[in-house]
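First comes the structure, then the notes that go with it.
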Amino acid sequence: MILTVSTKPYADQKPGTSGLRKKVPVFQQENYAENFIQAIFDSLEGFEGQTLVIGGDGRYYNREVIQVALKMAAANGFGKVMVGKGGILSTPAASHVIRKYHAFGGIVLSASHNPGGPTEDFGIKYNIGNGGPAPEKITDAIFDRTRNIDSYKIADVADIDLDTVGSFDLAGMTVEVIDPVTDYADLMETLFDFPAIRSLISGGFRVVIDSMSAVTGPYAVEILEKRLGAPAGSVRNEVPLPDFGHHHPDPNLVHAKELYDDVMSADGPDFGAASDGDGDRNMVVGKGMFVTPSDSLAMIAANATCAPGYRQGIAGIARSMPTSAAADRVAEKLGIGMYETPTGWKFFGNLMDAGKVTVCGEESFGTGSDHVREKDGLWAVLFWLNIVAARKQSVKEIVEAHWAEYGRNYYSRHDYEGVDTDNANALVTALRAKLGSLPGTTINGLVVSAADDFAYHDPIDHSVSKNQGIRILFEGGSRIVFRLSGTGTSGATLRLYVERYEPDASRHGIETQAALADLIAAAEEVAEIKRYTGMNEPTVIT
Ligand code: G16
């Protein structure tokens with residue numbers, strides 16, 4: 001039986017950088033998830049009888065919302081839902097399933113790298129038929145709908161057994177519970193030289209992956225241990241847990257420090273990698289060398305033809321504005337297009353669909369290509385292993401050779417988390433007011449060449465996205481960028497991005513924070529971060 005249930009709108013359902021993310025107790029309010037899911041359906045047209053993909057990263061509340069979403073999809077007229085066994089689908093795997101089976105779209109339940117648990121974070125995101133995050137036009141329509149929604153539709157039936165692969169009927173709609181790993185693992189095998197990576201590993205190259213008790217565990221075990229022959233135990237924290245084992249599933253130098261320290265130790269592995277809650281982020285560490293996400297994009301692009309799936313070369317590169325310009329130099333050398341977009345993977349979709357770019361990346365530990373329409377953590381790890389196998393060099397040798405050829409973009413991000421929202425907004429407003437007067441002036445001895453608030457003009461659909469980050473550029477190519485995060489769930493997070501280009505190879509061995517010290521001081525001088533945030537130092541430095 002299909003029920004139409006009366007509801008009242010919630011005022012706070014505006015999707016952020018990547019879907020709606022809130023604390024679990026917020027989602028547990030009466031009809032909160034139902035309202036948002038109905039608003040998604042009400043913002044779409046033409047899905048009658050079509051297929052929807054549903055999956056999540058296995059975090060706390062995942063199973064409950066999947067059951068609700070299934071019953072609402074049936075009540076709203078979808079013909080079929082494909083859902084990962086156990087409610088599991090990594091974000092890139094969901095993107096692939098949408099594309100492979102020509103689904104109308106997908107609902108991905110995740111708060112990505114944010115912690116999980118009864119008082120931690122949850123999220124709902126809608127992806128369109130190309131497999132990518134819904135563009136702003138759709139997320140704006142969803143938000144508008146949440147503000148005046150008065151009812152939702154749901155099938156009044158029993159829960160589906162999510163733990164058995166197979167086809168089931170739910171109020172006249174087919175539910176297909178699929179193995180979440182196979183399609184994705186098969187895709188990876190078409191892109192990378194698995195025999196070469198297998199012989200690298202069997203030759204003694206030691207690889208470890210830390211899945212951070214999150215969604216990539218089953219994927220990494222299948223690919224690294226089963227298909228590539230790495231010894232059992234090479235994938236650590238491989239069982240997805242609803243609370244990620246109380247950890248913060250964010251693969252960076254702070255939250256994946258144990259892995260980093262292990263790879264850096266004398267008898268540690270040769271290569272370490274980590275992925276986040278929903279499997280779209282990655283961190284790559286070689287012995288003696290952490291690869292920054294910005295460098296990783298540049299180096300994957302420069303070495304792309306090592307991998308069979310990219311043998312023909314790449315069409316172009318895109319990066320988010322705060323990501324370093326290392327990839328720009330590669331694009332210039334290859335004579336291909338380079339695109340600078342706002343933060344958010346959704347901005348890459350149009351460029352990939354139009355065939356203008358093949359690889360994309362963000363400083364926030366995200367790298368990917370047009371094989372799907374999401375960033376892809378394991379894809380990046382496999383790309384690096386493929387490059388190491390093909391070049392027969394260590395990660396450190398590959399990175400240093402790249403810097404010697406192109407110069408080094410020293411880069412760091414400083415996060416100030418949990419800042420009072422009004423104070424964070426006041427900092428941005430004050431900075432914005434100064435922008436016009438900064439060019440030509442000197443900040444901490446550095447001459448400002450330009451200053452603006454980044455606006456993006458999408459070359460494909462011609463939409464304009466304004467206020468995407470304040471950039472202050474200095475003579476010589478250094479810059480500082482300020483932005484407020486769009487993914488946090490408590491207070492505001494101020495992000496400061498710092499970059500210096502150093503062409504001289506004899507100066508490539510400086511410790512990163514030391515190499516950027518004058519720019520960091522300039523940022524404090526111009527934005528008065530300590531005064532506005534009330535913090536003497538960042539909460540996270542990556
Ligand atoms: C999301 C987006 C990314 C973005 C990142 C950080 O990643 O998909 O495009 O770079 O958030 O965004 P912000 O700086 O606004 O917090 P994820 O992995 O959380 O989905």
Side-chain angles (χ1 to χ4, degrees), residues 14-22 56-57 59 90-92 94-95 108-116 120-127 131-136 139 212 214-216 244 248-252 255 274-283 293-294 296-297 318-324 340-349 351-352 360-368 372-380 413-419 424 428 454 456 465 467-470 481-497 538-540 542:
K14 187 173 172 52
T17 307
S18 187
L20 182 69
R21 289 186 192 170
K22 301 282 177 196
D57 62 11
R59 69 177 57 226
S90 77
T91 289
S95 183
V108 182
L109 305 176
S110 168
S112 190
H113 53 288
N114 298 4
E120 297 293 356
D121 292 1
F122 190 75
I124 304 181
K125 183 170 81 152
Y126 180 69
N127 281 26
E136 278 188 332
T139 55
M212 305 188 90
V215 79
T216 52
F244 308 120
H248 202 126
D250 198 358
N252 61 34
H255 300 299
S275 198
D276 71 331
D278 62 332
D280 56 1
R281 297 186 175 203
N282 75 91
M283 179 177 92
S294 296
S296 183
L297 171 66
R319 64 166 170 84
S320 67
M321 180 275 283
T323 304
S324 97
E340 189 176 33
T341 61
T343 294
W345 204 263
K346 59 191 171 206
F347 292 101
F348 296 138
L351 296 168
M352 288 192 272
C360 308
E362 295 187 281
E363 50 66 38
S364 54
F365 292 80
T367 336
V372 289
R373 292 293 182 276
E374 290 277 7
K375 55 188 185 276
D376 189 344
L378 283 173
W379 172 90
R413 186 176 98 184
H414 291 198
D415 293 338
Y416 296 79
E417 297 167 311
V419 180
V428 170
F454 180 62
Y456 179 60
S465 304
N467 302 332
Q468 297 295 328
I470 292 174
V481 174
F482 299 85
R483 252 189 89 243
L484 297 183
S485 159
T487 57
T489 54
S490 41
T493 296
L494 172 71
R495 302 205 195 283
L496 164 67
Y497 312 83
T539 44
V540 177
T542 51

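First listed ligand is number 1; within each ligand, the first listed atom is number 1. Quick caveat, the model's predicted, so the values are computed rather than measured.
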ask   = Considering only heavy atoms of D280, which atoms of ligand 1 have at least one such atom less than 4.0 Å away?
value = 18 (O), 20 (O)

Short N or O distance, R413 and ligand 1, threshold 3.5 Å exclusive = no

Any N/O pair G344/ligand 1 closer than 3.5 Å = yes

inquiry  = As a test of understanding, state which of T216, D276, T91 forms a side chain to side chain contact (heavy atoms under 4.5 Å, CB included) with R281.
reply    = D276

task = For G486, counting its heavy atoms only, list the atoms of ligand 1 lying under 4.0 Å from any of them.
result = 13 (P), 15 (O), 16 (O)

task = Only counting residues at least two apart or in another chain, list the ones meeting ring pair (Phe, Tyr, Trp, His ring centres under 6.0 Å) with H414.
result = none

remark   = Paired with H113, the side chain to side chain contact (heavy atoms under 4.5 Å, CB included) test is passed by just one of D121, N252, D278, T487, namely T487

request  = Check each heavy atom of T487 against ligand 1 and say whether those closer than 4.0 Å belong to the side chain, the backbone, both or neither.
outcome  = both

remark   = Of all heavy-atom pairs linking G469 and R483, the shortest is CA-CG, 3.6 Å

key: 4.5 Å side-chain heavy-atom contact, E374 and P133   = yes

query = Heavy atom under 4.0 Å from ligand 1: found in S112's side chain, backbone, both, or neither?
reply = side chain

message = Is S320 close enough to touch ligand 1? Criterion: a residue heavy atom under 4.0 Å from a ligand atom.
response = no

ask   = Is any N or O atom of H113, backbone or side chain, closer than 3.5 Å to an N or O atom of ligand 1?
value = yes

query = Going by the atom numbers of ligand 1, which of them fall below 4.0 Å from some non-hydrogen atom of E362?
reply = 3 (C), 4 (C), 9 (O), 10 (O)

query = Between R413 and E363, is there a side-chain N and carboxylate O pair less than 4.0 Å apart?
reply = yes

ask   = Can you find an N/O atom of T343 closer than 3.5 Å to an N/O atom of ligand 1?
value = no

remark   = Taking only non-hydrogen atoms of R21 and a 4.0 Å limit, the atoms of ligand 1 in range are 17 (P), 19 (O), 20 (O)

Atoms of ligand 1 close to S364 [distance to a heavy atom under 4.0 angstrom, numbered from 1] = 4 (C), 5 (C), 10 (O)

key: Identity and separation of the nearest protein heavy atom to atom 5 (C) of ligand 1   = R281 NH2, 3.5 Å

Interfacing atoms of ligand 1 (cut-off 4.0 Å, heavy-atom, K375) = 1 (C), 2 (C), 3 (C), 7 (O), 8 (O), 17 (P), 18 (O), 20 (O)

message = Quick check on Q468 - does any of its heavy atoms sit under 4.0 Å from an atom of ligand 1?
response = no

inquiry  = Any heavy atom of R483 closer to ligand 1 than 4.0 angstrom?
reply    = yes

